[in-house]
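First the structure, in the form of structure tokens, and then the observations on it.
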Amino acid sequence: MADVLIKNGYVLTMDPDTGDLKKGEVAIENGRIVYVGLSYNGKADKIIDASGSVVMPGLVNTHNHAGMTLLRGYADDLPLAEWLEDYIWPVEEKLGPEEIYAGVRLACLEMIKSGTTTFADMYIHEQAAARAVEDCGMRAALSYGMIDFGDPERAESSLLKGRNFVKDFNGAANGRISAMYGPHAPHTCSQQFLQDVRKQARKDDVKVHIHVLETEAELNQMKEKYGKCSVNMLHDIGFFDSDVLAAHCIWLSEGDMDILAETGVHVSHDPVSNMKTAAGIAPVPQLLEKGVNVSLSTDGCASNNNLDMFGVMKMTALLHKVNSMDLTVIDARKVLEMATVNGAKALGIEAGMIKEGYYGDLIIVDMKRPHLTPLYDVDSHLVYSALGSDVTTVLVDGKVLMENGQVLCMDEYEIMAEASKAAKKTDSQHLIDVLGLQGSLVDK
């Protein structure tokens with residue numbers, strides 16, 4: 001007997017072997033999809049009627065700093081160096097495990113309500129992030145962000161923390177949590193440290209999550225220091241492999257893109273964050289042409305302000321159309337693949353498609369909305385018209401985390417209240433002033 005049966009919905013399987021089902025059924029048992037088709041013959045403990053809705057794979061957000069929900073809207077519209085050095089980094093130093101726990105729970109709540117079932121994270125106090133993920137029922141690939149700035153003692157300490165995190169949390173929460181190594185970036189980590197991380201990741205058989213060529217400043221700094229860009233430096237020291245997830249990848253040359261394609265590196269595209277920080281536009285169409293697996297992500301709330309992957313999908317399509325002056329450069333279906341299939345591939349999980357044997361990580365999107373009427377093309381509507389708030393039901397591992405818009409795995413108002421209190425603990429007077437009104441509202 002199946003645990004859950006979803007019926008009467010338009011099933012967007014994202015599986016090329018099955019195709020889409022205009023009125024299909026999906027059965028889930030023991031956390032895995034056991035049937036995808038037109039008529040399930042067995043019984044189920046729970047039946048979900050998806051009439052008038054699209055049933056699709058949960059969205060996969062492949063680059064996040066989830067605890068930064070506490071900094072949403074803080075220090076916006078400033079030059080990047082000032083933003084980081086005078087605001088973000090000083091506040092981050094005051095964030096402890098309990099603050100990060102509250103911030104990640106808020107992030108999980110936001111992602112569940114907008115249809116994300118899996119996210120990749122790199123930040124501080126990741127043990128607290130893992131607790132939050134385990135409590136809420138999401139799936140996540142977590143990494144402790146490591147920086148050494150060429151300091152041998154800091155390198156040793158950072159790698160030890162990374163190793164302990166991998167040891168303690170890889171495979172946690174009944175397999176919903178996977179651990180990665182998270183060296184921050186080529187310009188904040190020494191060559192030796194990057195080589196040590198590379199060696200340890202292979203030894204522990206886990207993936208690596210790193211920022212690469214996010215800014216022109218990084219490009220110039222690397223050329224001045226090494227006489228080559230980040231991609232060439234990482235390639236020359238043997239860092240790149242098919243287990244690497246590289247975020248941003250904006251300032252790439254043709255040769256850089258060839259290296260990423262040849263080594264099988266996965267790229268996480270963050271269009272909204274890249275635009276907000278004026279970092280540039282990643283050459284996504286060219287990367288896709290070369291066969292690079294490109295997924296989508298929001299980045300953290302300090303450089304995006306929300307974690308809605310539907311907004312990211314729309315922005316991806318529009319940004320590259322206007323940048324190339326070509327309306328056909330990336331179509332809606334390709335964007336959906338980037339947000340589902342490609343994201344799951346980047347993280348090495350059996351998700352991103354509604355397919356027998358895959359995880360029961362699904363979402364249901366209500367298409368009976370004014371902004372989704374009339375309905376000519378499902379792919380088009382999901383990318384260009386749908387909002388995260390159109391998601392009504394979310395399942396991870398076959399467990400219902402949200403149904404008919406009601407979150408079942410956590411108390412929404414408690415989460416928001418705790419996050420507001422946690423943000424105030426940073427002792428930043430600006431944050432206290434900004435959060436005063438919302439805190440008073442949420443606490444009630």
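- H125 is linked by a ring pair (Phe, Tyr, Trp, His ring centres under 6.0 Å) to nothing, counting only residues two or more places apart in sequence or in another chain.
- Listed by first and then second residue, the side chain to side chain donor-acceptor pair (under 3.5 Å) pairs that reach into residues 163-183 are Y181-D204, sequence neighbours excluded.
- Listed by first then second residue, pairs satisfying ring-ring contact (aromatic ring centres under 6.0 Å, His included) with a partner in residues 152-171 read F165-F169, not counting sequence neighbours.
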Taking only distance into account, with no hydrogens and no angle test, what donor-acceptor pairs under 3.5 Å do side-chain atoms of residues 401-410 form with protein atoms, sequence neighbours excluded?
unit_1	atom_1	unit_2	atom_2	d
E403	OE1	K46	NZ	3.1
E403	OE2	K46	NZ	3.1

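- For residues 283-322, every residue pair satisfying the ring-ring contact (aromatic ring centres under 6.0 Å, His included) rule, not counting sequence neighbours, is listed here: H269-H320.
- Counting only residues at least two apart or on different chains, no ring-ring contact (aromatic ring centres under 6.0 Å, His included) pair has a member in residues 187-208.
- Here ring-ring contact (aromatic ring centres under 6.0 Å, His included) pairs that include residues 365-411, with residues two or more places apart or in two chains, number zero.
- Inter-residue side-chain proximity for L296 and N61 is flagged as unmet; no heavy-atom pair is nearer than 4.5 Å.
- The side chain to side chain donor-acceptor pair (under 3.5 Å) check on E412 picks up K113, with sequence neighbours excluded.
- Among residues two or more places apart in sequence or in another chain, the side chain to side chain donor-acceptor pair (under 3.5 Å) test is passed with H184 by T188.
- Under the side chain to side chain donor-acceptor pair (under 3.5 Å) criterion, Y359 pairs with no residue, sequence neighbours left out.
- Comment: E98 does not engage K421 in a salt bridge, judged by the lack of any side-chain N to carboxylate O separation of less than 4.0 angstrom.
- In this view, Q127 satisfies the side chain to side chain donor-acceptor pair (under 3.5 Å) rule with no residue, not counting sequence neighbours.
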Quiz: residues 326-333 side-chain donor-acceptor pairs under 3.5 angstrom, not counting sequence neighbours:
unit_1	atom_1	unit_2	atom_2	d
D326	OD1	T328	N	2.9
D326	OD1	T328	OG1	2.7
D331	OD1	R333	N	3.4
D331	OD1	K334	N	2.9
R333	NH1	D20	OD2	3.1
R333	NH1	D379	OD1	3.1
R333	NH1	D379	OD2	3.3
R333	NH2	D20	OD1	3.4

